Structures are given as C-alpha cells and as structure tokens.
Amino acid sequence: MSQSHQQPALSKCPGCEEPPVAGDLFCGACGYDLSAVPARPDDRPTMAITVPPAAPAAEAVRWPTAEETDSSDVPAPVVRPADVPGTDSGGRPLTGPDTPDTPDAESGRGAASPSGPVLTGGPDSAAARVRHDDRADPGGAEASGDFALAAPDPRAPEHAAALAAAPAPGAKVCVACRSGRVDADGYCENCGHAQPRERDHMEQELDAVAAVSDRGLRHHRNEDSFAVSSTALPDGSPAVVAIVCDGVSSASRPDEASAAAASAANEALLESLPRGTHPQQAMHEAIVAASEAVNALAQEPAGAREHDAHRHQNAPACTLVGAIMAGGLLIVGWVGDSRVYWVPEDRTQPTARLTEDDSWAAQMVAAGLMNEAEAYADERAHAITGWLGADAYELEPHTAAFKPDRPGLVVVCTDGLWNYAESAEEMAAAVPADAREQPLHAARALVGHALDGGGHDNVTVALLPFAVRPQGAGSACDTV
C-alpha cells in the first residue's frame, strides 16, 4: 500500500495529484472534493520537512507545527517517524548509526512505538518504496523478522523465539526457514514445513556396482530399498553383491519391510561368502534371513504402527531380488516380481531376462492359459503370488546360477523400472552404451527413463558390470 506526497490543497489534488483549476470545488481529473482535506491514517508517512536539531536523549522531542489540517480541523502530521531521531522495532537507528534513541513523547508515534509504522531512514516517503527496499536490503525488515508497515508484526515474537531456540550445531535444520529444528516426525517445529525424506532419492557406488533409488512422481514416499557391497572369497577373489527390495504398498509399513529385507540379506551374504559357502546356497540362505527380518516386523507392538494408521494392519511385506558375481559365476535369487536382466557388452548379442515373476500373469503364461502379451495386458497382471512377510502362503526362494562367456551388464531392478522397459530388448535399449564404464551414471539414466515415462511407482536399479578374463591353461573365469 502506497501513500502519495501531498502539497497544499490548492496546488495539487489530494486524490490524483493533478493541479486543479483555480476556483474549482472538485478536481476536473478525478472528481475529488477540493473543499476538504481527507483524514489520513496515523500510520502512513507524509511529506518530509527539515528535521530539527536532535534533542538530548533525556528530553522529549517536539514535533514541528503542522500547517495542514484534516477534515476535522485537526493539525495533520507532516513529518515521518524516520525524520525524528529514534530506533525502529528491530533496535536499529532510523536516521543513522550515531542517532540517539529518542522516542516521541507527545504523540506516541516515535519509530519504536508499537503503533507506528516500521520504516527505515531515507528521503523517500512512499510506502511501496520502503517495502521494496526492506526486501532487498539484508539489514532491513527481513533481517529483523518484521514486514514493512506492519505495526506491529504479529509474527515477530514467534520469529524471535525460534531464533533464540535455534538448533545446536549438527542438529537437523529445516530446509524451508533455515532456523527451526526438525522433530522426529519430519516437520519443522518453527514453520511446520514437512522435510524431504532421506529415502526419497538414494545413490551408492562401489568399484564394481552402483545403485540408485527414487520415490518416483506419484508415490508420497519411497518404499523401495537396496544394499550393495563387496567382499572376498576364501581364495581372495572378489565377490560383488546387489540386493533390491520393493515394499508391498497394500501392506503395513512397506518401507520398513524393504529396508529390513535388503539389510538382512546383505549381511547374511557378507557373512557366508567369505566362509566359502557356495554363492547359490548363500543366496538361498540370504533370502531366508530377509524373510525372517520382515516377519519380525509383524511381531512389534501396536504402537510401532501408529504412524501408518491409514493402512490396513496386515503384515509388512516386500519382494526381493539379488545378484552375486563371484568366481566367474552369476547367481540370482528372487521372491516376487522384481527382476534381473543380462545385457551383453556387444549389443548385437542376445539379451535375456534371468528371473521369472511370482505374479498372476506369469502363472497364466506358465499354465498355457494366455500368451505373455495377453497376460500382462490384464488388470490382474501385477498381482504377486510370492513375497516376504508373515502372511505369505509359503516361502519359496528362487535361485539360479549362470556362467557368462562374454562381458556384459547385470541389471537388478524393481517393476518401477521394468514397467517402462519390460522385454529384455527394451531394457537393453534403455541402458546407456557406456554403462559398464560408468555404472552410476547409467543407473541414474535408467531411473530417469522411468520418470520420463510417468514415474508411477518407486524406481530402484542396481548395475553390476561383469567381465570375463580370457581362459588360459589352468585359468578360470573371473569377475572384476
């Protein structure tokens, strides 16, 4: 809201500031009644005049006599609070750093008065200019927590309290107001802004494996999880592991289920592989360990489920798919409909899908009741028939062992990706050509492919570059 400078009534129209014609009772431009000067709210600045010498701090400041009167013949104020020595509501001098702090004792309109406007010093009296300057000036109203012309700013006490209770160094600070502490529920205690979850987008890269997970564009949280790691077999050769889990959205706490399963499977493999357990057996045991970890979530007290009360209180559940590269072998294991694809380095060679979905569509195809196109076009196609969870019919871990004879790339992913590249050929086409050299970059690109396609689900993918060394006398295939 702005206020125009006003001159004596006969020289300028108070309404439009156009010079009136002598003798007119009404402005010819805007029709303003020139016989009366309108009353002005006492919180608006008016024309500036020469500032009298500053009075000592102990004396009251005397306002200059006003020559104008309002419609009630009351002298109209013709000075601004900024023209009189004093401080604003933030404690800063109005007319300079050396100006004494002298409030107005007579009118109560000194700059520090709670009923007066909050203005910075300067020659301009237009309120619009003051507001603009306060936003642009780091030392203006924004720094004090006040809005220009807000008298008083009702948020100032809250703002001051928030700054006084600023989080200690190392504490989590709100990404919105940058001052409030974030509570355990993920909301700022100062402004109430919901904080982005750490799991909304996750990335990890090791020497021989990389993974990326993203919430997608439609889900309110990321219910996928992954774990990637590397270890050594008893003979010192490397073993690389990737586990990808997809929470079942219709179950309780699917995000916790996928995280528990991925962590448990990864830990089981890191324990069994160095002991010399065959990788395929180790994968089977890892899936069992993941299942037990998810089952344990269903046994937690009811209080642990209060944050998810909008969901049916059925057992937490998720799917799992994993891959191990060790001793020249590629081992895959799964329960559910997450998948593993093989993409050879030479794209002229055939690609392959190495897993079979635990889903309604896959059962229809296996039984010969539908072809693949018909089955996956059905609305029941993605209903899973196998998962990890206390309410699963029966745990049936699937494992398979392969010995590739050429270098390639292993793609481990949830249906959030393969829904946009379902066949092995489509997946190979989506994988960047330099994926084996830059697996993290390629994993990001594949997540982007799913997001560009609509991002209807959480998206998670892990990439494992597989290399085969030339066989010589007594040598064996190996991985890097």
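In this text, all values refer to a predicted model and were calculated from it rather than measured experimentally. Along the sequence shown, the residues carry numbers beginning at 1. Side-chain atoms are counted along with the backbone in the values below, which use heavy atoms only and exclude waters and symmetry mates.
Between atom CD of residue Glu205 and atom CG of residue Leu463 there is a gap of 10.0 Å, rounded to the nearest 0.5 Å.
The closest donor-acceptor contact from the side chain of Tyr420 to the backbone of Gly455 lies under 3.5 Å. At least one donor-acceptor pair under 3.5 Å links the side chain of Arg339 to the backbone N or O of Glu422. Looking at Asn295, its side chain does come within 3.5 Å of a backbone N or O of Ala390 through a donor-acceptor pair. Between the Thr277 side chain and the Ser272 main chain, a donor and an acceptor come within less than 3.5 Å of each other. Distance alone, capped at 3.5 Å, is enough to place a donor-acceptor pair between the Arg436 side chain and the Gly408 backbone. Judged by distance alone, with hydrogens and angles left aside, the side-chain atoms of Arg199 form a donor-acceptor pair with the main-chain N or O of Asp224 at under 3.5 Å.
The closest side-chain donor-acceptor pair between Glu396 and His398, if any, does not fall under 3.5 angstrom. Using a 3.5 Å distance cut-off with no hydrogens or angles, the side chains of Ser229 and Asn266 do pair a donor with an acceptor. For Thr414 and Asp457, the side-chain atoms include no donor-acceptor pair closer than 3.5 Å.
By the 4.5 Å heavy-atom criterion applied to side chains, Asn458 and Arg221 are not counted as neighbours. The shortest side-chain heavy-atom distance between Leu409 and Pro465 falls under the 4.5 Å cut-off. Using a 4.5 Å heavy-atom cutoff, the side chains of Leu417 and Tyr341 are not in contact.
With sequence neighbours left out, the salt bridge (charged side-chain N to carboxylate O under 4.0 Å, His left out) criterion links Glu292 to no other residue. With sequence neighbours excluded, the residues satisfying side-chain contact (heavy atoms from CB on, under 4.5 Å) with Ala445 are Pro432.
Applying the 6.0 Å contact sphere to NE2 of His382 captures more than 12 heavy atoms from other residues, nucleotides or ligands. Under a cut-off of 6.0 angstrom, the local environment of CZ in Phe402 is crowded, with over 12 non-hydrogen atoms contributed by other residues, nucleotides or ligands. Environment of CG in Asn371: crowded, with over 12 heavy atoms of neighbouring residues, nucleotides or ligands closer than 6.0 Å.
Nearest heavy-atom pair across Pro397 and Val335 is CA-CG2, 3.8 Å. Taking all atoms of both residues into account, the shortest heavy-atom contact from Asp358 to Gly386 is CB-N, 3.6 Å.
A salt bridge is defined here as a Lys NZ or Arg NE, NH1 or NH2 lying under 4.0 Å from an Asp or Glu carboxylate O, and Arg406 with Asp346 fails to meet this definition.
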Verdict with supporting geometry, Leu330 and Val340, side chain to side chain contact (heavy atoms under 4.5 Å, CB included) | CA-CA 11 Å; Leu330 171 59; Val340 176; 5.5 Å; no
Worked check of side chain to side chain contact (heavy atoms under 4.5 Å, CB included) between Asn222 and Asp214 | CA-CA 7 Å; Asn222 190 357; Asp214 191 90; 5.6 Å; no
